[in-house]
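Take a look at the structure below.
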Amino acid sequence: MATAEYKLHSAEFANEPFVDFSKPENKQAMEAALKKVTAEFGREYPLYIGGEKFITTAKMTSTNPSHPKQMIGVFQTATAEHASQAVEAAAKAFETWKRVPTEQRVEILFRAAEIFRQRKFEISALICAEVGKSWIEADADTAETIDFLEFYGREMLRFAGEHAVTPMSGEKNFLVYIPLGVGVVIPPWNFPAAIAAGMTAASLVTGNTVVLKPSEESPTVAVKVVEILYEAGIPKDALNFLTGPGEIVGDPLVKHPKTRYIAFTGSKEVGLLISEAAGKRVPGQIWIKRAVLEMGGKDATIVDEEADIDAAVEGVALAAFGYQGQKCSACSRAIVSEKIYDTFVQKLVERAKKITVGPAEDPGNYMGPVVSSMAMEGILGYIDVGKKEGRVVLGGRRAPGDGYFIQPTIIADVPPKARVAQEEIFGPVLVVIKAKDFDQALEIANDTEFGLTGAVYSQNAEKIDKAQEAFHVGNLYLNRKCTGAMVGAHPFGGFNMSGTDSKTGGKDYLLHFLQAKSIAEKVSH
């Protein structure tokens with residue numbers, strides 16, 4: 001029996017294991033993969049519309065943030081006309097794709113997962129080069145890609161077929177789930193494989209067709225995801241691929257009357273624009289568009305006086321500075337009991353001093369670059385604001401090198417309402433806020449417009465119980481760091497301005513891409 005068929009009928013979902021880079025064979029495999037992807041730098045990639053390749057006059061390039069002069073790939077700058085063509089092509093393909101049996105769609109996802117497994121080091125190496133993830137962070141991205149494909153495949157098998165409802169005398173009645181139509185998928189650059197693949201796979205396995213428009217910072221990883229899905233068996237007209245600026249390409253995709261839903265992960269500002277545009281009916285539109293939005297965070301870790309301080313220091317450091325703080329789940333506020341505040345800050349500074357910063361392809365660096373010169377300028381601007389609002393106790397400047405490197409930065413004594421305590425910085429900047437007691441710490445933690453992740457370190461069971469009820473976030477972690485959600489184990493998504501609480505990697509996620517149809521038939525006795 002083939003691998004995909006075996007999984008389809010027997011194996012339970014299990015998370016993809018992470019690579020142990022301390023093993024010489026894995027280290028060598030990653031080094032070889034980095035050489036392989038470097039040899040392909042500068043290659044040009046087309047648009048894919050309705051199964052055909054398109055080349056445009058205007059181009060855009062992707063570069064390596066560790067070495068900004070190094071070009072990763074050359075891409076087409078699509079137009080509004082390309083966007084319209086892509087939606088029309090996807091709408092036409094939907095009529096065929098929606099009728100493909102669920103089991104066939106699922107097997108394609110399992111096949112894609114197997115291809116990602118076989119090319120794990122190559123995909124991770126490209127992630128490392130294009131968006132500056134460390135080896136470990138890039139491997140986690142690739143593993144999550146595989147997890148989404150495996151998990152959503154199994155979940156679609158669960159949703160397929162008839163669902164029992166309350167029996168009615170004299171009737172045969174049941175419920176089925178059917179696809180929506182054309183989905184516009186707009187993923188971010190910070191998880192360039194996992195989120196692009198996750199939102200796309202969820203859309204396709206449920207029977208929808210897709211127009212994928214990746215971030216301008218990570219088109220190379222995205223096109224590799226598309227090529228692997230094609231190789232696995234996704235029809236080329238069911239998955240269309242466009243590159244270009246959001247205002248030129250993304251806007252007409254969102255507003256097209258045949259777009260049925262938009263799946264977006266990115267900033268609060270762009271998410272709100274999509275929500276507003278999706279909510280406005282345009283001529284020819286015969287449905288209310290859905291918007292599945294995952295947006296920002298200003299995530300807090302509360303450190304209680306009854307905490308294991310060393311464990312809290314480690315968790316905060318990893319969650320604040322892992323992937324340079326460029327995760328919507330990153331810890332950007334440490335809210336610390338005044339009874340242990342000075343000790344915690346001192347220990348945290350000592351821990352963060354050990355963090356190495358430099359090119360992402362060097363496994364000796366825990367932190368690589370931030371993603372772009374624009375990101376770097378924005379983060380350094382926030383640090384300047386933080387110098388006025390608090391006390392910089394570590395970092396605060398660019399780090400040496402040609403890339404977009406910033407020192408891990410800790411700003412202590414920050415008021416809860418300061419800009420750096422309220423606005424998403426999306427970089428290696430942590431603010432530390434003093435709280436007089438646990439109740440005030442919870443109030444401070446909740447006092448932002450976001451509600452994505454949060455963590456609490458305390459050995460007091462009553463305080464832990466209180467946090468479970470009162471800490472208003474979509475993903476709450478107790479005595480562990482607030483990053484690192486695992487597919488299946490930690491359905492991911494937040495409240496308030498953090499999005500529509502879509503819960504990626506959870507049992508309910510595919511419902512965003514399905515609609516329920518109730519069927520009742522009168523039967524004669």
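- For the pair Lys298 and Phe450, the cation does not sit on the ring face, since its NZ or CZ is not both under 6.0 Å from the ring centre and inside 45° of the axis.
- Taking a cutoff of 4.0 Å between a charged side-chain nitrogen and a carboxylate oxygen, Lys224 and Glu122 do not qualify as a salt bridge.
- Heavy atoms of other residues, nucleotides or ligands lying less than 6.0 angstrom from NZ of Lys255 number 12 at most.
- Remark: side-chain polar atoms of Arg111 are paired, donor with acceptor, to backbone N or O of Ala232 under 3.5 angstrom.
- When every heavy atom of Leu293 is checked against every heavy atom of Met295, the shortest pair comes out as CB-SD, 3.8 Å.
- The structure places CZ of Arg99 at 8.5 Å from CZ of Phe94, a figure rounded to the nearest 0.5 Å.
- Note on ring orientation: taking the six-membered ring where Trp is involved, the planes of Tyr152 and Tyr509 are parallel (angle under 30°, cut-offs 30° and 60°).
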- Item | Test log, rule side-chain contact (heavy atoms from CB on, under 4.5 Å), inputs Phe264 and Val292 | CA-CA 6 Å; Phe264 166 82; Val292 183; over 6 Å; no

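- Between the side chain of Thr209 and the backbone N or O of Ala238, no donor-acceptor pair lies under 3.5 Å.
- With rounding to the nearest 0.5 angstrom, the CD atom of Glu231 is 12.5 Å from the CD1 atom of Ile234.
- In summary, Lys35 and Glu361 do not engage in a salt bridge, as defined by a charged side-chain N under 4.0 Å from a carboxylate O.
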Dump the intermediate steps for side-chain contact (heavy atoms from CB on, under 4.5 Å) on Phe121 and Lys36, then the final yes or no. CA-CA 10 Å; Phe121 291 101; Lys36 185 177 188 296; over 6 Å; no

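- Not a single donor-acceptor pair under 3.5 Å links the side chain of Asp501 to the backbone N or O of Phe495.
- Heavy-atom neighbours of Lys98 NZ from other residues, nucleotides or ligands within 6.0 Å: above the threshold of 12.
- Contact detail for Pro369 and Gly132: the closest heavy-atom pair is CD-O, 3.7 Å.
- The closest side-chain heavy-atom distance from Lys59 to Gln76 is below 4.5 Å.
- Crowding of Leu380 atom CG: a count of heavy atoms from other residues, nucleotides or ligands under 6.0 Å exceeding 12.
- A donor-acceptor pair under 3.5 Å is formed between the side chain of Asp141 and the backbone N or O of Ala194.
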For Thr483 and Lys481, run side chain to side chain donor-acceptor pair (under 3.5 Å): C-alpha distance rounded to whole Å, both residues' side-chain angles, the deciding distance at 0.1 Å, then the answer.
CA-CA 6 Å; Thr483 55; Lys481 65 186 177 78; 3.2 Å; yes

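- Among all heavy-atom pairs drawn from Glu294 and Ser502, the shortest one is CG-OG, 3.3 Å.
- Remark: the backbone N or O of Val100 is paired with a side-chain donor or acceptor of Arg105 at under 3.5 angstrom.
- Judged by distance alone, the side chain of Asn446 and the main-chain N or O of His472 form a donor-acceptor pair under 3.5 Å.
- Classification of Glu114 and Arg117 as a salt-bridged pair holds, one side-chain N sitting under 4.0 Å from a carboxylate O.
- Looking only at side-chain heavy atoms (C-beta outward), Pro245 and Thr77 come within less than 4.5 Å of each other.
- Cation-pi check for Lys133 over Tyr323 is met; the charged atom lies under 6.0 angstrom from the ring centroid and within 45 degrees of its normal.
- Nearest approach of Ala202 to Phe513, heavy atoms of both residues: CB-CE1, 3.8 Å.
- A distance below 6.0 Å separates the ring centres of Trp189 and Phe426.
- Annotation: side chain of His256 is in contact with side chain of Ser84 (closest heavy-atom distance under 4.5 Å).
- Within a 6.0 Å sphere centred on CG of Asp362, other residues, nucleotides and ligands contribute more than 12 heavy atoms.
- Here the side chain of Thr259 pairs no donor or acceptor atom with the backbone of Tyr261 at under 3.5 angstrom.
- With a 6.0 Å radius and a threshold of 12 heavy atoms from other residues, nucleotides or ligands, Glu44 has its CD atom above the threshold.
- Using cut-offs of 30° and 60° for the angle between ring planes, the Phe159 and His163 rings count as tilted.
- No side-chain heavy atom of Arg43 sits less than 4.5 Å from a side-chain heavy atom of Val74.
- Summarising the geometry, atom CG belonging to Leu452 is positioned 11.5 Å from atom CG belonging to Leu476; distances are rounded to the nearest 0.5 Å.
- Listed here is the closest heavy atom pair of Leu34 and Cys128: CD2-SG, 4.2 Å.
- Rounded to the nearest 0.5 angstrom, Cys482 SG and Asn475 CG are separated by 10.0 Å.
- Between Glu424 and Lys268, none of the side-chain N atoms (NZ, or NE/NH1/NH2) sits under 4.0 Å from a carboxylate O, so this pair counts as no salt bridge.
- Other residues, nucleotides and ligands contribute at most 12 non-hydrogen atoms within 6.0 Å of the CD1 atom of Ile288.
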Legend entry - Test log, rule side-chain contact (heavy atoms from CB on, under 4.5 Å), inputs Thr200 and Val225: CA-CA 9 Å; Thr200 301; Val225 169; 5.7 Å; no

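- Between the side chain of Asn208 and the backbone N or O of Leu180 there is at least one donor-acceptor pair closer than 3.5 Å.
- With a 6.0 Å radius and a threshold of 12 heavy atoms from other residues, nucleotides or ligands, Lys53 has its NZ atom at or below the threshold.
- Within the 3.5 Å criterion, the main-chain N or O of Ala360 finds no donor-acceptor partner in the side chain of Asn365.
- Between Leu229 and Ile108, the shortest heavy-atom distance links the atoms O-CG2, 4.4 Å.
- Counted by atom type alone, Ser218 and Glu130 present zero donor-acceptor pairs between their side chains at under 3.5 Å.
- Tyr230 places none of its side-chain heavy atoms less than 4.5 Å from the side chain of Pro235.
- Side-chain atoms of Asn496 and Ser498 form no donor-acceptor pair, as typed in the model, at a separation below 3.5 Å.
- Residues Val487 and Phe148 meet the side-chain proximity criterion, which asks for heavy atoms closer than 4.5 Å.
- Two residues are said to be in side-chain contact when any heavy atoms from C-beta on lie closer than 4.5 Å; Tyr177 and Gln515 fail this criterion.
- Contact annotation: the side chain of Phe492 approaches that of Cys328 to within less than 4.5 Å [non-hydrogen atoms, C-beta and beyond].
- For the atom pair CD of Glu40 and CD1 of Ile72, the computed distance is 11.0 Å after rounding to the nearest 0.5 Å.
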Evaluation steps, side-chain contact (heavy atoms from CB on, under 4.5 Å), between Met497 and Leu272
CA-CA 9 Å; Met497 285 295 163; Leu272 288 175; 3.9 Å; yes

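- With Gln326 contributing its side chain and Val371 its backbone, the two residues share a donor-acceptor pair below 3.5 Å.
- To the nearest 0.5 Å, atom CE of residue Met71 and atom OG1 of residue Thr220 are 10.5 Å apart.
- By the 6.0 Å contact criterion, CZ on Arg281 is open, its count of non-hydrogen atoms from other residues, nucleotides or ligands being 12 or less.
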